[in-house]
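Here the structure is laid out as structure tokens; the discussion comes afterwards.
In what follows, every heavy atom counts, from backbone to side chain, and hydrogens, waters and symmetry copies are set aside. In what follows, chains are A, B, ... by sequence order, proteins preceding strands, each numbered from 1.
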Amino acid sequence: MQELRTSLVEALARATGLPAPQVDGMVGLPKNPAHGDLAFPCFALAKRDGKNPVELARALADDIALPDGFAAVEPTGPFLNFRFDRAAFITRTVQSVLEQGDRYGAGAPNDDVVVVDYSSPNIAKPFHIGHLRSTLIGWSLAKIFRFLGHPVVGINHLGDWGTQFGYVWVGCERWGRPADDDPDPILALVDRYVRATKLKEEDPSVEEAARDYFRRLEAGDADARAFWDYARTVSLDEFKAVYARLGVAFDHYTGEAFFNDKMDGVLADVEAAGVGEVSDGAWGVSLGDDLGFALLKKADGATLYLTRDLAAIDYRHRTFGFDRVLYVVGAPQSLHFKQLSALCEKLGKPYHDRIVHVPFGHVHGMSTRSGGAVPLVALLDEAHERALRALREEVTKRPEGLDEDAVAEQIGKSAIIFNDLSRGRIKDVHFDWDAALSFRGDTGPYLQYAHARINGIAARAEAELPDAVDGSRLPEDEAFQLAAQIGRFHDAVRKAAATYEPSAIAAYLLDLARQFSRANEVLRVKDAEAGIKEQRFALFVACRQTLANGLRLLGIEPIDRM
RNA sequence: GCGCCCAUAGCUCAGCUGGAUAGAGCAUCGGAUUUCUAAUCCGAAGGUCCCAGGUUCGAGUCCUGGUGGGCGUGCCA
């Protein structure tokens, strides 16, 4: 696909005298696929020459030397439409997928290190649906950049430090710690946290006690530290269970606490740069009208989130030598990251312009009846239940001997993950159980279904891959459209990386699955005559491979039967 | 007040760096299964792309100004 485009751009550049990059910007896909496979609008050229674009397109069609791989050029009004040599295109595309397998669409190894900071839940707070977006988007981006050949460092910057810990501590002091045999100790800790923060409304001493606890923790007080260790371990155990269930992983769990002993260094840095100042008893850096005052040390001496992020990025730069660091954090914190960049610039840090905030919109409407956020585990369990029910009651045909429980778990997760990653990051989402856990239409299960169907063909159609792929045996339009979509995988992956948008891949995969489903109505493998049978099978296998590669980039493990 | 983000079909959303008749899914209506999985496919219906100007041969897309909503705006993270 890419080579065809490049050679067409060169040919057009020669024929028109326009610079190739400009031509490249004009060549695009025709809106209506019936028009052709690539299109060149002649307006700009017509304007330059003071000619009629319709006549110009006609003249250009006669002039241009059709590059290899193209079968036809035809002017349609002011557009010049090009058609591929379809058979050759199918042959080339299917062949390269079969040859490259899991590496189809991948990039060459390079040295641009990408650090991805994602998930980063707060300790001693429930891991709820609100944490899902950062977790899934970050994990997907990590996989995408790794696929493109980058060394990737995935970091869970746990919120395991800060005043909120004080409230958990106060709560445990008042109402006791969860019992050792408590099956869900984190729930108990959350309960203490919620009760303590509620109590603070009427009893100001609670807030004071919480702050005092955090001060002691930062100062290295042994008792405070012991409680912190306990709460962190309990929380992390549960987080790791959720990550394991989702199939999400990290290279490091260096949370905010990890940087506690690096605070002095940061503050000294700022001091040395001579940009720090005292304001209302607190200490920080003034960043001007737009970014305001960046607080780095509270009046009571305790540090803040920003201080710890400053330490973290410096540490990451020293340790990983990153080319970029991606912060997959909600849009409400965009000011925070602008401040972080500005601070780094003021401090003369070489990485100040390599900070990328990858923001995402708010999630609304995910509260339970009781007002708390829905725990992620509850969502996963519900997804599992619904998938099981759908499998047993709604699905009309299904394979024999399925491990229904295992399939339901996979389908449920696919639905949840895809639902989140299929929309653009920045928009606020209104969480809706029925939409998130729908298994029909544009959903994760739809993609899985396409993948499983091809597996079914492989298992039952008694077809084998041909010795040589031959696209001329696949003259149907559906075959070409499917191959064309397979050939666009590169573009989708690169667009996703360039825009930090996994949804680019999600949208691509929907189109791919749709093209497959259409082709699957027409191109039967089982009863096809020898010679055609193998070619159709090869096309579908290439599709399955592409689906699998794309699904994995979203963090969804393709399933073989459903 | 100031700053950032969002606004496209009844609902949820796509729309490559401006290009041809604005696309999917859900919901509604109508079809398709003796044939590799109907969690599927085909069709119908559904639109002042929030409003008003501007730039351009051409604007859902870019600019300006509004309207509506969300978020942020120093001692939380």
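The shortest distance between the side-chain N/O atoms of A/Arg453 and the OP1/OP2 oxygens of B/C36 is not below 4.0 Å. Using a 4.0 Å cut-off, some side-chain N or O of A/Lys298 falls inside it from OP1 or OP2 of B/C76. Phosphate contact (OP1/OP2 of B/A77, side-chain N/O of A/Arg308, threshold under 4.0 Å): present.
Nucleotide B/G23 forms a pair with B/C13, judged by Watson-Crick or G-U wobble geometry with both contacts under 3.5 Å. Nucleotide B/C49 has no partner under the Watson-Crick or G-U criteria, as no pair reaches both atom distances under 3.5 Å. In this structure B/C4 sits in a base pair with B/G70, meeting the Watson-Crick or G-U test at under 3.5 Å.
Using a 4.0 Å heavy-atom cutoff across all strands shown, A/Gly25 reaches at least one base atom of the nucleic acid.
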Verdict with supporting geometry, A/Arg536 and A/Glu478, salt bridge (charged side-chain N to carboxylate O under 4.0 Å, His left out): CA-CA 11 Å; A/Arg536 289 181 175 178; A/Glu478 287 84 355; over 6 Å; no
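Both stacking criteria are satisfied for A/His35 over the base of B/A20: a centre-to-centre distance under 5.5 angstrom and an angle between ring planes under 30 degrees. Stacking between A/Tyr446 and the base of B/A39 is absent under the criterion of ring centres within 5.5 Å and planes under 30 degrees.
Rounded to an integer number of Å, the gap from A/Asp289 CG to B/G72 P is 21 Å. Rounded to a whole Å, the CG atom of A/Asp560 is 14 Å from the P atom of B/U37. Atom NE2 of A/His336 is separated from atom C1' of B/C71 by 16 Å (rounded to the nearest Å). Look at CE on A/Met26: it is 11 Å from C1' on B/G19, rounded to the nearest Å.
With both ends at atom C1', the span from B/C29 to B/G65 equals 44 Å, rounded to whole Å.
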